[in-house]
Asks: 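I am attaching a structure below and will ask some questions about it afterwards.
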Amino acid sequence: MELKQLINTTTKPIIFFDGYCNLCNVAIQLIIKHDQHQQFLFSTLTGEFALANNLFGHIQMEQDTMALWVNNRLYIRSDAVIEIAKRLGGWFVIISYTKIFPKFIRNGVYNIIAKSRYRLFGKRANCMIPDQALLARFVK
């Protein structure tokens, strides 16, 4: 299936992340581990999929931004984290309660962590090597 067709036909949410950040990679591995229904697909922010589909349009997407594309809607930063947590269910739902805080506060905290992520957690040295079943959930 071509990339442009996938974005219009997939009903699965797609999580976009920084493929070089250790914190992002740990977060993706945690999501994979707890995504019992295999509802999420994954792609890097600078991957062929995101670029070919111009998903982010006029929105300035920095490498420090986590994004979630679902039902033709784009969630970014803290909104993406909250939506992912709601969809995972279980104890992750606690994270979704942060929605009670104004967006500028949530994104302020998000941005502080995001700006310091390489310094605090480093860049990826060892890649996760997914098996064939998991590899099918990653979109280039």
Side-chain angles (χ1 to χ4, degrees):
M1 182 177 296
E2 288 186 29
L3 294 178
K4 288 194 182 277
Q5 288 177 322
L6 180 61
I7 194 64
N8 292 323
T9 60
T10 187
T11 57
K12 291 189 174 201
I14 305 170
I15 298 172
F16 294 91
F17 63 100
D18 176 356
Y20 299 103
C21 169
N22 282 334
L23 176 61
C24 298
N25 280 285
V26 167
I28 294 302
Q29 289 179 35
L30 184 69
I31 292 167
I32 289 167
K33 180 179 178 181
H34 293 280
D35 184 12
Q36 296 176 6
H37 303 291
Q38 298 185 358
Q39 62 184 309
F40 293 108
L41 297 176
F42 306 93
S43 184
T44 61
L45 287 163
T46 56
E48 182 182 338
F49 179 72
L51 299 175
N53 288 287
N54 191 28
L55 291 182
F56 308 126
H58 66 281
I59 299 171
Q60 181 64 33
M61 295 297 283
E62 303 294 330
Q63 276 297 105
D64 65 1
T65 304
M66 182 174 269
L68 174 69
W69 178 265
V70 59
N71 297 327
N72 291 320
R73 182 164 180 200
L74 182 66
Y75 297 90
I76 59 173
R77 296 181 183 83
S78 65
D79 286 337
V81 173
I82 289 168
E83 272 303 305
I84 292 166
K86 284 194 314 193
R87 290 169 184 277
L88 281 175
W91 65 269
F92 290 99
V93 173
I94 294 169
I95 295 168
S96 68
Y97 294 139
T98 62
K99 185 110 177 165
I100 65 170
F101 297 105
K103 192 180 225 175
F104 77 92
I105 292 174
R106 287 186 281 122
N107 281 341
V109 172
Y110 180 98
N111 290 337
I112 289 169
I113 294 168
K115 297 290 183 214
S116 305
R117 72 194 190 288
Y118 289 150
R119 185 173 42 81
L120 296 173
F121 302 99
K123 287 190 176 182
R124 185 176 71 189
N126 297 319
C127 303
M128 169 184 65
I129 301 176
D131 60 19
Q132 283 302 108
L134 184 55
L135 193 58
R137 296 176 61 196
F138 281 81
V139 182
K140 291 183 181 193

Asks: Indicate the atoms forming the closest heavy-atom contact of Q38 with K12, along with that distance.
Replies: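 Shortest heavy-atom contact: O-NZ, 2.9 Å.
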
Asks: For residues F17 and I15, report the shortest heavy-atom separation together with the two atoms involved.
Replies: CD2-O, 4.0 Å

Asks: Start with the C-alpha gap between F16 and I76, add the side-chain angles, then the distance that decides, and say whether side-chain contact (heavy atoms from CB on, under 4.5 Å) holds.
Replies: CA-CA 9 Å; F16 294 91; I76 59 173; over 6 Å; no

Asks: Quick one: do W91 and F40 end up in the same hydrophobic cluster if we chain Ile, Leu, Val, Met, Phe, Trp and Tyr together by side-chain heavy atoms under 4.5 Å apart?
Replies: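 As far as the 4.5 Å side-chain criterion goes, F40 and W91 are connected within one cluster.
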
Asks: Answer with yes or no whether the hydrophobic clustering places I14 together with I82; edges join I, L, V, M, F, W, Y residues whose side-chain heavy atoms lie under 4.5 Å apart.
Replies: no

Asks: Does R87 come within less than 4.0 Å of D35, counting only side-chain N to carboxylate O?
Replies: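 No, no charged N to carboxylate O under 4.0 Å.
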
Asks: Grab the two heavy atoms, one from S96 and one from K86, that are nearest each other, plus how far apart they are.
Replies: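 Where S96 meets K86 most closely, the heavy atoms are CB-CG, 3.3 Å.
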
Asks: Does one hydrophobic cluster hold both I31 and V81, with members joined at side-chain heavy-atom distances below 4.5 Å?
Replies: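 Shared cluster, yes.
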
Asks: Are K99 and D79 close enough that some pair of their side-chain heavy atoms sits under 4.5 Å apart?
Replies: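 SC-SC contact between K99 and D79 confirmed.
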
Asks: What is the distance from atom CD of Q29 to atom CZ of F42, rounded to the nearest 0.5 Å?
Replies: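 Atom-to-atom, Q29:CD and F42:CZ are 10.5 Å apart.
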
Asks: Could you pull out the closest heavy-atom pair between Q39 and P13, with the gap in Å?
Replies: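 Closest approach of Q39 to P13, heavy atoms only: O-CD, 3.0 Å.
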
Asks: Restricting to non-hydrogen atoms, name the atom on M66 and the atom on A80 that form the minimum distance, rounded to 0.1 Å.
Replies: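 That closest heavy-atom pairing would be O-CB, 3.7 Å.
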
Asks: Under a single-linkage definition using a 4.5 Å side-chain heavy-atom cutoff for Ile, Leu, Val, Met, Phe, Trp and Tyr, are L30 and I32 assigned to the same hydrophobic cluster?
Replies: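 L30 and I32: one cluster.
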
